[in-house]
Amino acid sequence: MESESDDFLDKYFSDNPENEEEYLKVLNPEQKAAVIHKGKSLLILAGAGSGKTRVITTKIAYLIKHLHTDPFSILAVTFTKKAASEMRQRAISLEEKSAYAQIQTFHSWGAYFLRKYSKRAGFFPDFTVYDDDDAVTLLTNAVPGLSRKQAAFFTHKISLAKDYCLTPESEILATIDDSPEFPDIYLAYEKKLRATGNVDFGDLIMLPYLILRDNPEIRHEIHRRYKVIMVDEYQDSNVAQFKLLEMLSGVQENAGTYVCVVGDDDQSIYKFRGAEVQNILNFQKQFPGTDVIKLETNYRSTSEILACAGSVVKNNSSRLGKNLISARGKGKIPALIFLPNQDDETDFCADLITNTHEKGVPYSEWAILYRTNAQSLGFESTLLHKKIPYVIVGSLKFYEREEIKDAISCLKFIVNPKDEVSFQRIINKPVRGIGESSQKKIIAEASAVSILDALGKVTLQKKAQKGFTEFCETYNSLVNLLPFRIDPKTDSKDGNSTQDKKLSAFVDEVIRLFGLEDFHRCQDEVSGSQKIANLQELINSAVLYEYSKKGLLDFLDHIELDRTLETDASGEESDCVTLITVHNTKGLEFPRVIITGMEHGVFPRENKTKEETEEERRLFYVGITRAQNELYFTSCSCRRLYGRTSYMEPSPFLNELDYSNVRVLGEKPSSFNSKPSASDDPIALEYKKGTSVYHDDYGHGVIVSAQYSEEGDWVVKVNFETGTIKRFLPKYQKKSLLVEKE
DNA sequence: CCCGTCGTTATTTTT
DNA sequence: TAACGACGGG
């Protein structure tokens with residue numbers, strides 16, 4: 001999603017292929033410098049909306065066209081499939097040989113590498129990828145004592161450990177989690193995972209790194225192949241990805257690979273998932289002699305919007321420092337609106353949108369941003385009620401639906417019959433009389449090749465025996481349907497001519513023969529038909545793949561490594577307001593943006609460390625810089641939170657805005673910039689947050705929150721040692737609520 | 001094996 | 001508040 005001008009430029013120049021040099025002339029001097037740069041490594045610090053994708057794609061085209069780089073030797077990695085496909089398309093439109101460059105996500109490259117080198121690295125080639133949910137099930141199997149909740153906790157930790165490239169043996173594993181059992185749990189998980197032959201997300205990065213590190217021969221082969229490596233959104237790379245990049249590029253062996261990373265340290269918002277800002281901050285050290293080019297001209301937003309963004313982000317300490325300058329000039333002043341409560345907030349947004357819509361502004365120009373998914377609920381019901389069309393981006397995901405996961409498990413199990421997680425998911429769906437204990441028995445007796453080898457070895461109850469036998473028969477007949485060995489001459493690249501049969505026919509067969517279709521149809525009348533429709537959609541999406549084992553593996557990779565895209569592929573171009581979390585807006589832009597819930601505790605969430613607050617601030621920065629023309633902030637003085645209605649303080653980030661540049665509307669809460677200021681109110685000074693108090697009826701306690709109410713009264717919330725939480729108006733309670741002197 | 005009820009617990013989530 | 005998991009009864 002880039003600006004209209006980019007679209008125009010793309011089209012304009014793809015229509016003028018003979019005008020070779022023109023595509024460089026449209027760049028500003030910094031962009032051009034970044035494109036033609038060569039030799040040393042390059043760090044491109046690309047501010048929001050500074051045309052970063054344009055630079056990367058032009059660079060790829062330039063490398064091929066002017067420097068005669070073999071496209072086969074170019075690797076460009078991104079973090080999302082969406083970014084990858086956009087990059088590939090735009091690069092191809094500039095230079096069609098870009099189609100032969102490897103432009104894909106980090107993880108799909110990892111899968112490609114593991115399959116390619118599996119033999120030489122002594123690795124199972126027909127792996128499929130376990131998602132987080134599967135991993136939890138696997139861990140439950142690996143460590144029998146764990147409850148599902150505990151398993152989820154440790155699975156998360158294991159995945160974090162892999163993000164930091166730490167093995168179970170690592171001495172600094174305690175930095176991830178210091179519970180004494182963690183290394184053993186991690187080790188048990190790894191053993192179980194290797195036994196199934198499958199991999200998890202973390203493995204797709206960490207295993208290629210380990211293989212490259214330990215196999216000089218493969219490493220050198222890789223170095224001979226890749227002459228140029230580019231990484232997009234580098235601020236979101238994790239430690240494992242850095243190590244992989246280091247190994248791939250051979251920087252320590254002077255392999256001569258040209259490395260170019262692009263990112264914006266101010267937009268690093270995935271620390272909680274293992275992203276490491278230090279990667280971009282330290283890049284110049286790790287890749288000696290790196291040149292740095294800053295892209296600071298912003299083509300997206302008006303200068304007022306950028307002024308907001310700048311005044312906020314300057315409060316962060318560890319940054320490389322950038323200053324965005326608007327190429328678009330002045331526009332409308334952003335507005336901050338104070339509202340009594342969240343219902344007024346949703347009403348306000350709806351009315352604002354309706355009002356402009358009546359004046360001809362399409363709904364699709366609007367995006368409503370919020371910090372947490374839970375906040376979308378109110379907007380949904382209001383918009384529904386007021387008949388404003390909307391889309392929610394990124395909530396319920398197609399591939400996380402039960403029936404889809406079931407079907408995928410069937411497919412995964414067919415590829416890899418050692419996959420006990422998928423086996424457990426499908427064996428008793430529909431009911432085959434194989435309960436938990438029978439499943440355990442079967443898995444225990446399974447051979448290293450297949451779980452089905454347990455047939456004949458285990459003694460089960462009559463019903464279970466029959467069910468298992470039938471299951472095995474179904475499995476075998478399905479496997480026989482699929483040509484496992486394909487003609488090596490039939491390359492997948494342009495192979496829709498030779499074989500007419502599509503993988504969708506196979507997927508259809510699998511779903512039917514395993515009884516999934518009937519199972520979900522019978523479950524319940526209403527949701528059943530939706531489930532059948534979803535299964536049908538899955539079947540349809542397999543039409544693009546060849547009817548072979550390789551086609552099936554490709555299909556599964558595609559699903560596991562790209563779980564977002566498919567939903568909007570149905571081609572709905574209708575005019576809708578976008579409801580979206582701030583995290584999900586990265587890389588997007590909208591003409592009009594409302595950032596909602598600007599309250600302390602909501603945005604930012606109650607964070608403790610300075611680091612976390614800085615990440616929240618960057619998140620706010622990302623939100624602001626999505627807006628092209630109009631920007632609104634809303635803040636409520638009251639909000640229902642966890643079933644309680646609480647008084648809210650305005651977000652501290654709002655104090656960082658420059659109010660010569662922001663219009664403030666609505667009733668300002670007393671604690672915001674106005675009269676009853678806490679700094680000269682004796683009651684407020686005495687009853688502050690954190691103060692210890694004593695109450696005759698409730699005992700000792702601590703003030704956990706203190707602020708002015710709508711009526712202008714100072715309200716404190718006290719958490720007593722007994723565990724009860726009470727609210728008081730100190731004005732009237734001075735006698736019974738005593739401040740304890742230290 | 002399914003369903004109701006009680007208790008617990010609340011981020012963000014590219015792959 | 002609401003949603004989900006754990007548990008127990010029919």
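In the text below, chain A, chain B and the rest are named by the order of the sequence lines, each starting its count at 1. This structure is a prediction, so every number in the text was calculated from the model and none was measured. Atom set for the values below is all heavy atoms of this structure, side chains included, hydrogens, waters and symmetry mates excluded.
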Between [X] and [N], is there a side-chain N or O to OP1/OP2 distance below 4.0 Å?
X        : N      : result
A:Thr581 : B:dT13 : yes
A:Asn373 : B:dT13 : yes
A:Lys149 : C:dA6  : no

**Ring centers of A:Tyr390, A:Phe379 separated by less than 6.0 Å** =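 No, the ring of A:Tyr390 stays outside the 6.0 Å limit from the ring of A:Phe379, centre to centre.
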In whole angstrom, give the distance that lies between atom [atom1] of [X] and atom [atom2] of [N].
X        : N      : atom1 : atom2 : answer
A:Asp134 : B:dT15 : CG    : C1'   : 14 Å
A:Glu606 : B:dT12 : CD    : C1'   : 12 Å
A:Gln375 : B:dA10 : CD    : P     : 17 Å
A:Ile269 : B:dT11 : CD1   : P     : 17 Å
A:Ile580 : B:dT12 : CD1   : P     : 13 Å
A:Asp133 : C:dC4  : CG    : C1'   : 14 Å
A:Glu615 : B:dT13 : CD    : P     : 12 Å
A:Asp163 : B:dT13 : CG    : C1'   : 11 Å

**Prompt:** With distance as the sole criterion, do the side chain of A:Arg640 and the base of C:dT1 form a donor-acceptor contact below 3.5 Å?
**Reply:**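 It does not, because no donor-acceptor pair links the side chain of A:Arg640 to the base of C:dT1 below 3.5 Å.
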**Message:** Can you say whether a donor on the side chain of A:Arg273 sits under 3.5 Å from an acceptor on the base of B:dT15, or the other way round?
**Reply:**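 Checked by distance alone, the answer is yes.
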**Item:** Centroid distance under 5.5 Å and plane angle under 30°, A:Phe272 vs B:dT11
**Value:**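 A:Phe272 ring does not meet the centre or angle cut-off for B:dT11; no stack.
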**Atom P, compared across C:dG5 and B:dT12: separation rounded to whole Å** =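 Result for the P pair: 16 Å, nearest Å.
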Ignoring the backbone of [X], work out which of [options] is nearest its side chain.
X        : options                : answer
A:His107 : B:dT15, B:dA10, B:dT11 : B:dT15
A:Arg605 : B:dT13, B:dT11, B:dT15 : B:dT11
A:Thr372 : C:dA6, B:dT11, B:dT14  : B:dT11
A:Tyr270 : C:dA6, B:dT15, B:dT14  : B:dT14
A:Phe201 : B:dT15, B:dT12, B:dT14 : B:dT15
A:Asn584 : B:dT11, B:dT13, B:dT15 : B:dT13

**Prompt:** How is A:Phe106 classified with respect to the nucleic acid when contacts are heavy atoms under 4.0 Å: base, sugar-phosphate, or nothing?
**Reply:**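 A:Phe106: no heavy atom of the nucleic acid under 4.0 Å.
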**Prompt:** Got A:Val262 and A:Glu233 here, is their nearest side-chain heavy-atom distance under 4.5 Å?
**Reply:**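 No, too far: nothing below the 4.5 Å cut-off.
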**Message:** For a 4.5 angstrom cut-off between non-hydrogen side-chain atoms, does A:Leu369 reach A:Ile580?
**Reply:**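 They are in contact (side-chain heavy atoms under 4.5 Å apart), so the answer is yes.
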**Asked** What residues, two or more places apart in sequence or in another chain, satisfy side-chain contact (heavy atoms from CB on, under 4.5 Å) together with A:Glu614?
**Response**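 Expected list: A:Asn316, A:Ser317, A:Ser318, A:Lys610, A:Arg617, A:Arg618.
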**Aromatic ring pairing A:His583/A:Phe272, orientation class (parallel under 30°, perpendicular over 60°, tilted between)** =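 Ring orientation, 0 to 90° scale: perpendicular.
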**Asked** With under 30° as parallel and over 60° as perpendicular, where do the rings of A:Phe113 and A:Tyr117 fit, or are they tilted in between?
**Response**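 Tilted: the ring planes of A:Phe113 and A:Tyr117 meet at 30° to 60°.
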